[in-house]
Undergrad: 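My questions will all concern the structure given below.
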Amino acid sequence: MSINTYSHLWRLGLRERRAFLLVSDFLVAVAALFAALYVWASNGEWLGFSLAFLQERVESWFYVLPLVWLLLMVELYDPHRAANRKHVVRGVIAATSIGFMLYLVVYFAANSPLPRRGVATFLGMVSIMTLVWRLLYIQIFTTSQFMRRVLLVGAGESGKTILRVINDLTPKPFELIGLIDDDPEKDGEEIEGYQVLGDSTKLLALIDTEKITDIV
C-alpha cells in the first residue's frame with residue numbers, strides 16, 4: 001500500500017474523529033490505571049503488585065476511573081476543539097481539577113478511607129499521558145496528509161459566505177482544495193483565497209486528481 005493510499009484511509013470525518021479520540025482516550029486512561037495500580041502496590045507493602053493485592057486492597061469502583069475520566073473530558077470530543085492546542089491544554093487541566101475536587105468530596109464524605117496514593121497517581125498519570133497523546137494527535141492529524149479534502153460546488157453568494165465562514169475558523173476543520181462553477185467567466189478566478197478550478201464537467205476528474213473526499 002502506498003503512502004498516499006494509507007493517508008487517504010486516515011482522512012477521518014467528524015464522527016470518525018470523535019470515535020477515534022474516544023477509544024484512544026479510553027486506552028490511555030486504562031494504561032494510567034495500570035500504572036496507578038503498580039505504583040500503589042509498590043508502596044513497600046507485603047502484598048506487592050499481585051492478585052492478592054488486587055483482590056484485597058482494590059475496590060471495584062477503582063476500575064471505573066477510566067470511564068469517569070472520559071466523562072470529564074467530554075468537551076474535548078468536539079473535533080474542532082480537539083484540534084486546538086489551547087483548548088486541549090485548558091480541557092485537560094479542567095478535567096484534572098474537577099476530578100481532584102470530586103475525589104476530595106467523596107474522600108471527606110466516605111466512612112472508610114480511600115486510596116489516596118492510587119487515585120492521586122491515576123489523576124497525575126492520566127492527565128500527563130492524555131495531554132501528550134492529544135498534542136501528538138494535533139501534530140499528526142491536522143496536517144494536510146490526514147485532513148479531509150473538500151471541493152466546494154458553486155462560487156456564487158452562498159459559496160462566498162461558506163468561504164468566509166471557513167476562513168474564520170482556526171484551525172481549519174478540513175482542507176478546501178477549491179471551487180467549481182458553471183459560469184465560464186469565473187473559471188480561474190480567486191474567491192476569498194480559493195481558486196475556481198473549472199465547471200461541473202471537470203468534477204469527476206478533479207475528484208480523482210485532487211483526491212477529494214467530500215463535496216460541499
Side-chain angles (χ1 to χ4, degrees), residues 1-28 70-92 94-95 130-216:
M1 183 179 292
S2 66
I3 294 177
N4 287 336
T5 303
Y6 180 78
S7 63
H8 182 76
L9 294 174
W10 284 95
R11 297 184 191 276
L12 306 178
L14 295 181
R15 291 183 180 179
E16 295 167 324
R17 283 181 182 257
R18 278 195 200 94
F20 181 64
L21 288 168
L22 186 65
V23 172
S24 299
D25 282 351
F26 178 72
L27 294 176
V28 167
L70 296 185
L71 292 176
L72 296 175
M73 289 278 292
V74 65
E75 288 190 0
L76 290 181
Y77 293 113
D78 174 75
H80 184 65
R81 287 178 176 267
N84 187 296
R85 285 182 175 83
K86 291 182 179 179
H87 281 304
V88 167
V89 172
R90 285 200 296 261
V92 172
T130 300
L131 184 59
V132 171
W133 143 241
R134 285 302 192 105
L135 292 178
L136 184 63
Y137 166 85
I138 293 173
Q139 186 70 26
I140 295 174
F141 284 91
T142 57
T143 58
S144 60
Q145 292 91 337
F146 291 92
M147 293 184 71
R148 306 288 287 186
R149 293 173 65 83
V150 173
L151 189 64
L152 180 61
V153 178
E157 288 304 315
S158 297
K160 292 177 182 178
T161 301
I162 292 174
L163 292 178
R164 294 189 195 104
V165 172
I166 293 171
N167 286 336
D168 287 338
L169 294 175
T170 302
K172 296 291 186 292
F174 46 73
E175 185 176 9
L176 184 61
I177 305 305
L179 305 89
I180 61 171
D181 194 281
D182 285 335
D183 185 350
E185 294 183 2
K186 293 179 180 178
D187 191 10
E189 181 181 348
E190 189 171 290
I191 302 175
E192 301 292 335
Y194 300 94
Q195 187 177 7
V196 178
L197 302 175
D199 57 24
S200 57
T201 62
K202 297 181 179 179
L203 179 60
L204 295 179
L206 286 170
I207 291 174
D208 183 51
T209 57
E210 299 293 340
K211 308 300 180 186
I212 301 299
T213 59
D214 300 88
I215 297 176
V216 177

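Only this structure's heavy atoms are used, side chains among them; waters, hydrogens and symmetry mates stay out.
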Undergrad: How close do Ile138 and Ala82 get, counting heavy atoms only, and between which atoms?
TA: CG1-O, 3.3 Å
Undergrad: Please name the pair of heavy atoms, one in Leu206 and one in Leu197, separated by the smallest distance, quoted to 0.1 Å.
TA: CD1-CB, 3.9 Å
Undergrad: Would you check if Leu152 and Ile162 make a side-chain contact, meaning some heavy-atom pair closer than 4.5 Å?
TA: yes
Undergrad: Is there side-chain contact between Leu76 and Val92, with at least one heavy-atom pair below 4.5 Å?
TA: yes
Undergrad: Would the number of heavy atoms belonging to other residues, nucleotides or ligands and lying under 6.0 Å from CD of Glu16 be above 12?
TA: yes
Undergrad: As an exercise, state the distance from CG of Leu179 to NZ of Lys160, rounded to the nearest 0.5 Å.
TA: 10.5 Å
Undergrad: How many angstroms lie between CG in Asp214 and CD1 in Ile177, if you round to the nearest 0.5 Å?
TA: 11.0 Å
Undergrad: Should Lys186 and Glu189 count as an ion pair when the cut-off is N to O under 4.0 Å?
TA: no
Undergrad: Taking the side chain as every heavy atom from C-beta outward, state whether Thr213 and Phe174 have any pair of such atoms under 4.5 Å apart.
TA: no
Undergrad: Between Arg149 and Leu176 (side chain of the first, backbone of the second, donor and acceptor by atom type, cut-off under 3.5 Å), is there such a pair?
TA: no
Undergrad: May I ask you to say whether Glu192 pairs ionically with Arg164, meaning some side-chain N is under 4.0 Å from a carboxylate O?
TA: yes
Undergrad: I need the minimum non-hydrogen distance between Ile191 and Leu163, along with the two atoms involved.
TA: O-CD1, 3.4 Å
Undergrad: To the nearest 0.5 angstrom, please state how far the CZ atom of Arg81 sits from the CG atom of Leu21.
TA: 13.5 Å
Undergrad: Aromatic contact between Trp133 and Phe141, with the criterion being ring centroids under 6.0 Å apart: yes or no?
TA: no
Undergrad: Quick check for you: to the nearest 0.5 Å, what is the distance between Phe26 atom CZ and Thr130 atom OG1?
TA: 12.5 Å
Undergrad: Nearest 0.5 angstrom please: Asp182 CG to Lys202 NZ, how far?
TA: 11.5 Å
Undergrad: Assess whether atom OH of Tyr77 is packed by more than 12 heavy atoms of other residues, nucleotides or ligands within 6.0 Å.
TA: yes
Undergrad: Backbone N or O of Ala155 within a donor-acceptor pair of the Asp181 side chain at under 3.5 Å?
TA: yes
Undergrad: Are Tyr137 and Arg17 packed together at the side-chain level, in the sense that at least one heavy-atom pair is separated by less than 4.5 angstrom?
TA: yes
Undergrad: Any non-hydrogen side-chain atom of Ile207 less than 4.5 Å from a side-chain atom of Ile215?
TA: yes
Undergrad: Drop me the distance from Leu131's CG to Leu136's CG, to the nearest 0.5 angstrom.
TA: 11.0 Å
Undergrad: Any salt bridge between Arg148 and Glu175, counting N to O under 4.0 Å?
TA: no
Undergrad: Find out whether Ile180 and Asp199 are in side-chain contact, i.e. whether some heavy atom of one side chain is under 4.5 Å from a heavy atom of the other.
TA: no
Undergrad: Are a donor atom and an acceptor atom from the side chains of Gln139 and Arg134 found within less than 3.5 Å of each other?
TA: no
Undergrad: Please examine the side chains of Leu203 and Leu151, heavy atoms only from C-beta on, and report whether any two atoms are closer than 4.5 Å.
TA: yes
